[in-house]
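Note sheet for the following structure.
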Amino acid sequence: MVTEFAVLLLISLGGIAIAWQLGVKNLWLSVPVGLMIAVFIRDVLFSTMNMVNQRWIGAFSFFSILAAGLVISAWQAGRGLYKNLLLGAGIAILAVISTRVLGFTGTPHGDSLWILTFSHLFDINGNIGYLNGHTAIKRGFSYPLLLALGPSGQYLSGMTPYIFGALGCLVIWAVRELTVGAAKKRVLWISAALFAMTFSTVMPVRAIFYINGHTLTAVGMLAAAVTVAVAVREYHITRDQVLVICLGVFTASTSRVEGILMAAVIVLPLLAQPWIRRREIMWIITSGTFGLTMWLATYHSYIINATHLPWYVFMAIVIGLGLLPALKIFDWIRTRSTVIAMVFMALIFIAAEVKFPKALHKGNQAIYDNLMGGSGRWGWFFVGLVIVFLLGRMRRLSPEHKALVQICVSIVLASFLVKMLDGGQFGHPTLGRTGWSDSLNRMWLQSFAIFLVTALVGLVQNDKIWGAEDKAKA
Amino acid sequence: MNTLKSWRFWLLNVGVLAITVINAFIINHDLPFIGHNKTFGVNRVIEHSHWVEGAPVVLTNHFSQVDINHTGDRFGDGFSLEQELIDIFKVHSIDRSQNPIDIRNKIALSKLLHFRRYETITHCSGQSSKYCNLWLVWDAQNSAPYRTFIGVRVADSELISDKLQPNLQTRMVKTYMLLDSNIYRNLIGDPNGN
């Protein structure tokens, strides 16, 4: 237990300290950004050391960098940093107490055991070539790598609730950032209402201890989505915001296989802005393509093997292709890419429903059962979401609200397509099955926080709810 | 501005309150997580969970060297042992070239059940369910750390995972054993002699 406390505290505090060095000083943002920095360092070090068959150095250098970051930042920042460190330490300690002292653990599930198996392989410095199949690629990279940092032979049990804590901090930051200038009473009232609606149902609570990469993906997705919305609102993006988006895209792209698609649809409203600089486009896209290809190369993935290309050529091609949208000749498409992507995904979805009605009928029923009928353990959460979206501002949307709505619609469509593709690659397109463990049903764990934040912004900005109709018209 | 006169405000509150009550008290739901866990070793977590893929892990938890044969093809007359788990948990060798040996008419099942150490399920085909029962059978009195396990087919039995779910009619499914070769030799004879 002492090892687990020490490891999680170092990850938390080291990440927060490095975030401080990089300019992320906001209290609530520091914890999730610190976590994403830890993810980035861990992934890159492990992959690099794996190339020279010295993976044990990966963990050692990971902890060394975090410790160095902590010591240097604590020395330079003085008193300014202590609040952030206290918050991170508090969440880390609570996380370890919840699993090691109180004995809470996630609902048993086959995917969790696969993930623990991979973390075991990392822990024992086993042959990563065993992970070249589709079973491994579907279970992610970053999350099992973090779990492998536990005591020898054991997984880092406190990491899962810590990630959920980081997601909670991120939501608080998002609400504060997106409601600047709004009446505080409105924000508090809506926050309390949405909190009650969310945590009265099973799935969001299940995510606290459930061993899977969904919550880590959610951290990356929400960080990117909110920062995109803020940048769109301000018609300007700062260096710190680019950093947060890049970390979010990297985290999402390496923690679940569908993460890169989700990250792509999230950043589109920003990439479509005419004012964004080309180097910022390149940084953002590369953070996703680099992360994904590094993961595939480390796993000796069948996807790279199928191309018969050396991994570094494959990486170079994918990263190079990702840079194309930054070219001037693609500006016309880029500035319309959000709408084009939504229409494209909607058309594919409709075409699949028409072409495979029998195969998808069962899936449609499963979606209804899972999201409306209670089988997915979401209760009436999604019914509530529809209601609060409809009560939110519907016309003359603010730029940030419009960006968030576009992101939500795109995520829903992308989730359907990813699920169809999962079976479709074997000739059996599907939209899932009834039950909480269905992968599409679990995918909503990655996006529910974005839906909630979007709904909150819509409600807070709709003056009619607050009896200020005349003022809004004026 | 009078918020309390806005019907939208009241609709929002009543709607959210109703959904919260429905979520918390009316819609059926199970526990979001479980407590009293004391197991953090990955090998033991897998063994305790009776995972459909867990057989190789359980065997390597108990023995230094494990060899397995006669598992066949899961899409034919055999059953599944995932290659990733065979590799990661260092099963010494696996031979899938021959189907499980059918011992239904060779020995009374009761004689083997005495040695049954672990029950789980596995993937298979050729029946209504995609799962079969898989029992791991070895002699705990024998202290040898090196074991060879032979895949054998025994009489059908009720699917273990069905029995754990109330209100579900249990299905009779194919049942396989990974049987310690020492027991096989002592009770049945030479596995290569049929």
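Residue numbers start from 1 in every chain, and the chains themselves are labelled A, B, ... in the order their sequence lines are given, proteins ahead of strands.
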Value rounded to 0.5 Å, distance of CZ in A:Arg442 from CZ in A:Arg206: 11.0 Å

Chain B contact via A:Leu156 - side chain, backbone, both or neither, heavy atoms under 4.5 Å: neither

Most chain A-contacting option - heavy-atom pairs closer than 4.5 Å, from B:Ala18, B:Gly41, B:Ala24: B:Gly41

Which region of A:Trp114, side chain (C-beta onward) or backbone (N, CA, C, O), has a non-hydrogen atom less than 4.5 Å from a non-hydrogen atom of chain B, or is it both or neither? both

Checking heavy atoms, do the side chain of A:Leu102, its backbone, both or neither come under 4.5 Å from chain B? backbone

Output field: ring centroids B:Phe115/B:Trp135 closer than 6.0 Å: no

Do B:Thr175 and B:Ser157 have side-chain N/O donor and acceptor atoms under 3.5 Å apart? yes

Tell me, out of A:Met197, A:Met203, A:Gln154, who's got the most heavy-atom pairs with chain B below 4.5 Å. A:Gln154

Which region of A:Phe118, side chain (C-beta onward) or backbone (N, CA, C, O), has a non-hydrogen atom less than 4.5 Å from a non-hydrogen atom of chain B, or is it both or neither? side chain

Closest contact, heavy atoms only, B:Gly76 versus B:Ser125: O-OG, 3.7 Å

Under a 4.5 Å heavy-atom cut-off, does chain A meet the side chain of B:Lys5, its backbone, both or neither? neither

Report which part of B:Phe25 has an atom under 4.5 Å of a heavy atom belonging to chain A: side chain, backbone, both, or neither. neither

Decide if atom CH2 of A:Trp380 counts as having more than 12 heavy atoms of other residues, nucleotides or ligands within a radius under 6.0 Å. no

Could you check which of A:Gly126, A:Pro108, A:Gly110, A:Pro151 has the highest count of heavy-atom pairs closer than 4.5 Å to chain B? A:Gly110

Which atoms of B:Ile22 approach chain A - backbone, side chain, both or neither, heavy atom under 4.5 Å: side chain

Chain A shares the most heavy-atom pairs under 4.5 Å, among B:Trp10, B:Phe40, B:Trp7, with B:Phe40

Answer yes when B:Arg153 and B:Asp156 have at least one side-chain N-carboxylate O distance shorter than 4.0 Å, and no when they do not. yes

Could you look at B:Val52 and say if it's the side chain, the backbone, both or neither that has a heavy atom under 4.5 Å from chain A? neither

Under 4.5 Å, counting heavy-atom pairs only, tell me which of B:Leu4, B:Leu11, B:Leu17 racks up the most with chain A. B:Leu11

Against chain B, label A:Leu147 side chain, backbone, both or neither, depending on which of its atoms sit under 4.5 Å from a heavy atom there. neither

With chain B, the option among A:Asn462, A:Leu391, A:Ile208 that has the most non-hydrogen atom pairs under 4.5 Å is A:Leu391

Heavy-atom pair count under 4.5 Å with chain B, highest-scoring of A:Val383, A:Ile124, A:Asn127, A:Thr99: A:Thr99

Could you tell me how the ring of B:Phe79 sits relative to the ring of B:Tyr176: parallel (under 30°), tilted (30 to 60°) or perpendicular (over 60°)? tilted

With a 4.5 angstrom heavy-atom cut-off, which part of A:Tyr155 approaches chain B: side chain, backbone, both or neither? both

Is any side-chain N of the basic residue among B:Asp139 and B:Arg117 closer than 4.0 Å to the acidic one's carboxylate O? no

With respect to B:Arg147, which candidate in B:Asn142, B:Asp67, B:Leu59 satisfies the side chain to side chain contact (heavy atoms under 4.5 Å, CB included) definition? B:Asn142

Closer than 3.5 angstrom, by distance alone: can the side chain of B:Arg96 be matched with the main-chain N or O of B:Ile94 as a donor-acceptor pair? no

Tell me, out of A:Thr117, A:Thr198, A:Thr201, who's got the most heavy-atom pairs with chain B below 4.5 Å. A:Thr117

Among B:Ile19, B:Ile86, B:Ile88, residue most engaged with chain A (heavy-atom pairs, under 4.5 Å): B:Ile88

Pick from A:Leu131, A:Val388, A:Asn132, A:Thr135: which one has the most heavy-atom pairs with chain B under 4.5 Å? A:Thr135

Parallel, tilted or perpendicular: which fits the ring planes of B:Phe149 and B:Phe63, with parallel below 30° and perpendicular above 60°? tilted

A:Asp463, A:Leu456, A:Ile465 screened by side chain to side chain contact (heavy atoms under 4.5 Å, CB included) with A:Arg186, the one that passes: A:Asp463

Residue pair A:Tyr210 / A:His109, side-chain donor-acceptor N/O under 3.5 Å: yes

What part of B:Glu53 is in contact with chain A, defined as an atom under 4.5 angstrom from a non-hydrogen atom: side chain, backbone, both or neither? side chain

